[in-house]
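Taking it in order: structure first as structure tokens, then the write-up.
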2 protein chains.
Amino acid sequence: MKLTTKIESFVMHCGEMGSRWGFNRTVGQMYGLLIIHENALTAVEISEALNISRGNVSMGIKELQSWRLVQVQHKPKDRKEYYSPAGSIWEMATRVFEERRKREVDPTLSLLRDNLLDEPSNQKEVYAQEKMHEIHDLLETGTHWARELQSMSPEKLKTLMKLGSGVSKVINFTDKLINKS
Amino acid sequence: MKLTTKIESFVMHCGEMGSRWGFNRTVGQMYGLLIIHENALTAVEISEALNISRGNVSMGIKELQSWRLVQVQHKPKDRKEYYSPAGSIWEMATRVFEERRKREVDPTLSLLRDNLLDEPSNQKEVYAQEKMHEIHDLLETGTHWARELQSMSPEKLKTLMKLGSGVSKVINFTDKLINKS
DNA sequence: CTGATGTTTCAGTAATTTCTGAAAGTTTAA
DNA sequence: TTAAACTTTCAGAAATTACTGAAACATCAG
């Protein structure tokens with residue numbers, strides 16, 4: 001499992017970005033490796049390519065599975081597990097997005113909803129609740145939009161973008177049409 | 001600087017989510033506190049409210065400033081600095097989004113661009129470059145869209161959402177209109 | 001200038017997160 | 001049922017990240 005310079009630079013970059021993307025360095029590297037490699041890899045191959053322990057690979061795979069980002073395959077006459085990325089690049093992006101929403105936004109929305117149910121008990125809380133309300137609405141709007149965009153195919157998105165008019169123009173236009181009728 | 005239960009739960013939640021949102025626990029708490037508090041706060045007030053050292057507040061403020069999320073004010077006859085959130089909730093969300101893009105996406109785009117300039121030197125690299133190309137295009141499309149959405153006011157977004165038709169329907173509709181003409 | 005009142009920096013420490021490797025667990029073929 | 005081939009788990013070690021508090025720095029009023 002010797003990696004060429006270019007491939008290695010990609011894999012290492014995924015590692016460095018890993019923590020920013022929601023997982024840790026090795027998990028990032030593992031994911032990068034699986035994406036960039038045409039064939040599915042065994043745990044041992046991964047551990048050798050990245051110089052990490054076998055146990056760490058196992059934990060990393062578990063983590064990637066919790067993000068629904070890897071698949072396990074089996075080959076006939078072979079008891080080893082072969083790992084490969086789950087779905088197309090687009091699907092992967094969608095999943096990272098969704099999972100991050102679950103981890104980063106949903107808990108906040110739920111806390112805000114709870115807090116907004118109570119009556120404010122003093123002046124400070126009135127202000128606080130106003131702010132919480134604003135944040136709540138913003139997050140709801142955001143997740144709604146995200147879901148809409150994700151439900152579109154990447155081809156459609158690209159086509160639309162290439163039409164030359166920005167999304168906002170498109171929407172302004174439609175807005176006017178709808179309001180007129 | 002005694003916090004009511006409800007406000008405290010919000011602030012602590014911001015702390016717990018902090019690391020997921022791109023900063024660390026105390027920075028998250030500090031930001032939550034500034035948002036939820038009507039008046040600007042001094043460094044000492046923050047350190048007392050959150051039970052953290054004065055030095056930590058200073059570093060946290062610096063971090064929040066690097067995200068363009070806090071402002072400093074001065075009051076007449078007072079040499080202390082008063083901190084408050086910069087801009088509306090919408091603007092803050094926009095900034096978090098932008099800054100995260102800078103930290104999470106831009107470096108990757110730049111690496112991919114560099115790698116794509118070179119000719120692949122073997123079969124494996126041909127495959128690797130295909131994948132990198134896909135990722136590159138996806139990220140470009142995504143950032144483009146994000147920018148478009150951010151350029152719209154939240155009121156406009158809300159209005160549109162409440163029209164009842166989903167974004168994708170709106171876009172499909174416009175798409176047809178444009179293609180017809 | 002000087003001291004009072006503030007802010008920033010940073011070395012050392014504390015807390016947290018990640019990683020290893022050995023032991024335990026699982027599956028399969030014979 | 002056994003043993004070979006593989007995976008998972010997890011306690012402790014290593015690495016990383018965050019925090020403190022004291023010293024250095026900055027600004028201003030008198």
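As a basis for the values below, the full set of heavy atoms in this structure was taken, side chains included, without hydrogen atoms, waters or symmetry mates. Because the structure is a prediction, the values reported are computed rather than measured. Lettering follows sequence order; numbering is per chain, from 1.
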Write down the distance between CZ (B:Arg25) and P (D:dC19), rounded to a whole number of angstrom. 6 Å
What residues, two or more places apart in sequence or in another chain, satisfy salt bridge (charged side-chain N to carboxylate O under 4.0 Å, His left out) together with B:Arg25? none
Would you say that more than 12 heavy atoms from the other residues, nucleotides or ligands in this model lie under 6.0 Å from the NE2 of A:His74, or not? yes
Tell me whether B:Glu99 is salt-bridged to B:Lys102, with the criterion being a basic N under 4.0 Å from an acidic carboxylate O. yes
Between CE of A:Met30 and P of D:dT7 the distance, given in whole Å, is 12 Å
Rounded to whole angstroms, how far apart are CD on B:Glu48 and P on D:dT20? 14 Å
Lys/Arg-Asp/Glu bridge criterion (N-O < 4.0 Å) met for B:Arg113, B:Glu140: yes
On DNA chain C, which is the earliest and which the latest nucleotide, 5' to 3', with an atom closer than 4.0 Å to a heavy atom of chain B? C:dA4 to C:dT16
Value in whole Å for how far the P atom of D:dA5 lies from NZ of A:Lys75: 19 Å
Nucleotide D:dC6, atom P - distance to OH of A:Tyr82 in whole Å: 9 Å
Pairing donors with acceptors under 3.5 angstrom, does anything connect the side chains of A:Asn24 and A:Thr26? yes
Please identify each residue that fulfils ring-ring contact (aromatic ring centres under 6.0 Å, His included) with A:Trp21, with sequence neighbours left out. none
Whole-Å distance, A:Ile46 CD1 to D:dT7 C1', equals 13 Å
Going by salt bridge (charged side-chain N to carboxylate O under 4.0 Å, His left out), name the residues that satisfy it together with B:Arg100, two or more places apart in sequence or in a different chain. A:Glu104, B:Glu104
Expressed as a whole number of angstroms, how long is the span from A:Glu45:CD to D:dT7:C1'? 16 Å
Polar side chain donor-acceptor pair, A:Glu81 to A:Tyr83, under 3.5 angstrom: yes
Below the 4.0 Å mark, does D:dA18 have OP1 or OP2 next to a side-chain nitrogen or oxygen of B:Thr26? no
Identify whether NZ of Lys or CZ of Arg in B:Arg103 sits under 6.0 Å from the centre of the six-membered ring of B:Trp67 and within 45° of that ring's axis. yes
Counting only non-hydrogen atoms, which of residues 54-67 of chain A are less than 4.0 Å from DNA chain C? A:Gly55, A:Asn56, A:Met59
For A:Glu125 and B:Thr4, does a side-chain donor sit closer than 3.5 Å to a side-chain acceptor? yes
So which protein N/O to nucleotides 23-28 of chain D N/O distances come out below 3.5 Å?
| residue | atom | partner | partner atom | Å |
| --- | --- | --- | --- | --- |
| D:dT27 | O2 | B:Arg79 | NH2 | 2.5 |

Tell me which of A:Ser19 and A:Ala43 sits closer to the 5' end of DNA chain D, going by the nucleotide each one is nearest to. A:Ala43
Is it true that B:Lys124 and A:Glu38 make a salt bridge, defined as a side-chain N closer than 4.0 Å to a carboxylate O? no
Would you indicate what A:Thr42 reaches in the nucleic acid, counting non-hydrogen atoms under 4.0 angstrom: base, sugar-phosphate, or nothing? nothing
